[in-house]
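Since the structure comes first, as structure tokens, the remarks are kept for the end.
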Amino acid sequence: MTREEIRDLFMEGIDCSQVVAGEFDEKTGMDRETLRKMAACFGGGMQCGETCGAVTGALMVIGLVYGHSREGDQAQKDRMLEKVSEFKRLFGEKYPSCMCRELLGHDISKEGEMEKVMEKGLLFELCPRIVEDTICILEKVL
């Protein structure tokens, strides 16, 4: 997926977490609509500048592919945790933080900050780059 395609999705109201999760419909065996719904509340760092939505979308996908669901399945849990660790390491090589407010340099939970993000063009320049990189990292991890 290109940055331009990601920007277009943003302009249509699809958030970073939804873009990332939705890209992995085939890998997860789930339909894109369900993946986007599952990730809908996580854009903009859960709408308050916390963990980057692209990261939470990626973690959801890792959970769907490698997550454990049965009691006592420590081997599967360990495998999932290895994938999470690998994802975080690779993301950390590209970005100094996985916190939305730190990546943007603005705390969008505070009045007037989202306007600054928009004025600087971060939502349509920085965020699509982060989403694109996150998708690439996740493809490597999976």
Side-chain angles (χ1 to χ4, degrees), residues 1-70 73-142:
M1 174 168 280
T2 67
R3 283 186 210 175
E4 186 171 299
E5 291 170 321
I6 295 164
R7 275 188 217 105
D8 289 346
L9 287 172
F10 284 3
M11 291 176 78
E12 293 293 325
I14 301 299
D15 292 329
C16 48
S17 55
Q18 294 174 290
V19 174
V20 171
E23 272 301 288
F24 292 88
D25 53 345
E26 289 183 24
K27 186 68 176 173
T28 63
M30 295 178 71
D31 64 276
R32 184 168 289 191
E33 180 181 0
T34 300
L35 289 166
R36 284 183 176 177
K37 282 184 176 186
M38 176 184 70
C41 296
F42 294 89
M46 294 172 276
Q47 310 305 321
C48 61
E50 293 294 327
T51 303
C52 169
V55 171
T56 56
L59 295 178
M60 286 180 221
V61 170
I62 291 171
L64 287 168
V65 176
Y66 292 100
H68 63 295
S69 60
R70 290 183 303 258
D73 192 355
Q74 192 62 45
Q76 189 62 37
K77 184 174 183 176
D78 290 344
R79 188 170 183 213
M80 176 201 65
L81 292 173
E82 287 175 15
K83 295 295 183 177
V84 169
S85 179
E86 181 183 1
F87 173 82
K88 287 181 173 181
R89 180 184 58 76
L90 292 170
F91 189 88
E93 289 175 4
K94 285 197 107 33
Y95 297 99
S97 174
C98 65
M99 298 299 290
C100 179
R101 72 173 68 88
E102 292 174 8
L103 293 166
L104 290 173
H106 293 279
D107 185 347
I108 62 171
S109 70
K110 295 184 177 172
E111 191 171 327
E113 290 296 295
M114 188 58 169
E115 289 78 7
K116 292 176 184 175
V117 167
M118 296 303 285
E119 286 171 14
K120 292 180 178 180
L122 297 172
L123 183 66
F124 296 108
E125 293 302 320
L126 175 63
C127 294
R129 185 175 81 226
I130 293 170
V131 168
E132 182 182 48
D133 289 341
T134 299
I135 289 170
C136 289
I137 292 167
L138 189 53
E139 287 171 343
K140 289 177 188 172
V141 169
L142 296 179

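The figures here come from the full heavy-atom set of this structure, side chains too, leaving out hydrogens, waters and symmetry mates. Model, not experiment: these values are computed from the prediction.
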Quick one: CD1 on Ile135 to NZ on Lys140, what's the gap to the nearest 0.5 Å? 13.5 Å
Among Lys37, Met38, Arg32, which residue satisfies the side chain to side chain contact (heavy atoms under 4.5 Å, CB included) criterion with Leu35? Met38
Using 0.5 Å steps for rounding, measure from the CD atom of Glu4 to the CD atom of Glu132. 11.5 Å
Could you check whether Glu125 pairs with Arg3 (Lys NZ or Arg NE/NH1/NH2 to Asp/Glu carboxylate O, under 4.0 Å)? no
For His68 and Gln76, does a side-chain donor sit closer than 3.5 Å to a side-chain acceptor? no
4.5 Å side-chain heavy-atom contact, Phe10 and Val19: yes
Starting at CZ of Arg129, measure out to CG of Leu103 and round the result to the nearest 0.5 Å. 9.5 Å
Less than 4.5 Å apart, side chain to side chain, heavy atoms only: is that true for Gln47 and Asp15? yes
Count the heavy atoms of every other residue, nucleotide or ligand shown that sit under 6.0 Å from CD of Gln74, and state whether that count exceeds 12. yes
Given the rule in the side chain to side chain contact (heavy atoms under 4.5 Å, CB included) test, do Asp133 and Tyr95 qualify, once you have shown the distances and angles that lead to the verdict? CA-CA 10 Å; Asp133 289 341; Tyr95 297 99; 2.4 Å; yes
Shortest non-hydrogen contact from Leu104 toward Cys127: CD2-SG, 3.8 Å
Would you indicate whether the side-chain heavy atoms of Lys77 and Leu81 approach each other to under 4.5 Å? yes
Kindly give the heavy-atom pair with the smallest separation between Gly44 and Cys16, and that separation in Å. N-SG, 3.8 Å
What I'd like to find out is whether the side chain of Ile137 reaches to under 4.5 Å of the side chain of Phe87, using heavy atoms alone. yes
For the residue pair Glu93 and Arg89, establish whether any side-chain heavy-atom pair is separated by less than 4.5 Å. yes
Nearest heavy atoms of Gln18 and Gly13, plus distance in Å: OE1-O, 3.9 Å
Can you measure from OG1 (Thr134) to CG (Leu59) and round to the nearest 0.5 angstrom? 9.5 Å
So CG of Leu138 and NZ of Lys83: to nearest 0.5 Å the spacing works out to 10.0 Å
Any heavy-atom pair between the side chains of Arg36 and Leu9 that's under 4.5 Å? yes
Nearest heavy-atom pair of Ala54 and Ile130: which atoms, and what distance? CB-CG2, 4.2 Å
Is there a side chain to side chain contact (heavy atoms under 4.5 Å, CB included) between Met99 and Thr51? Walk through the geometry before answering. CA-CA 4 Å; Met99 298 299 290; Thr51 303; 4.2 Å; yes
Do you know which two heavy atoms are closest between Gly57 and Val20, and how far apart they sit? C-CG1, 3.9 Å
Give, for atom OG of Ser85 and atom CE of Met80, the distance between the pair rounded to the nearest 0.5 Å. 11.5 Å
For Met11 and Phe124, what are the C-alpha separation, side-chain angles and deciding distance, and is it a side chain to side chain contact (heavy atoms under 4.5 Å, CB included)? CA-CA 9 Å; Met11 291 176 78; Phe124 296 108; 3.5 Å; yes
Give the minimum heavy-atom separation between Thr56 and Ser17, together with the two atoms involved. OG1-CB, 4.0 Å
Pairwise side-chain contact, His106 with Leu122, heavy-atom cut-off 4.5 Å (strictly under): yes
Where do Arg101 and Glu113 land on the side chain to side chain contact (heavy atoms under 4.5 Å, CB included) test, with the steps shown first? CA-CA 10 Å; Arg101 72 173 68 88; Glu113 290 296 295; over 6 Å; no
For the residue pair Tyr66 and Leu142, establish whether any side-chain heavy-atom pair is separated by less than 4.5 Å. yes
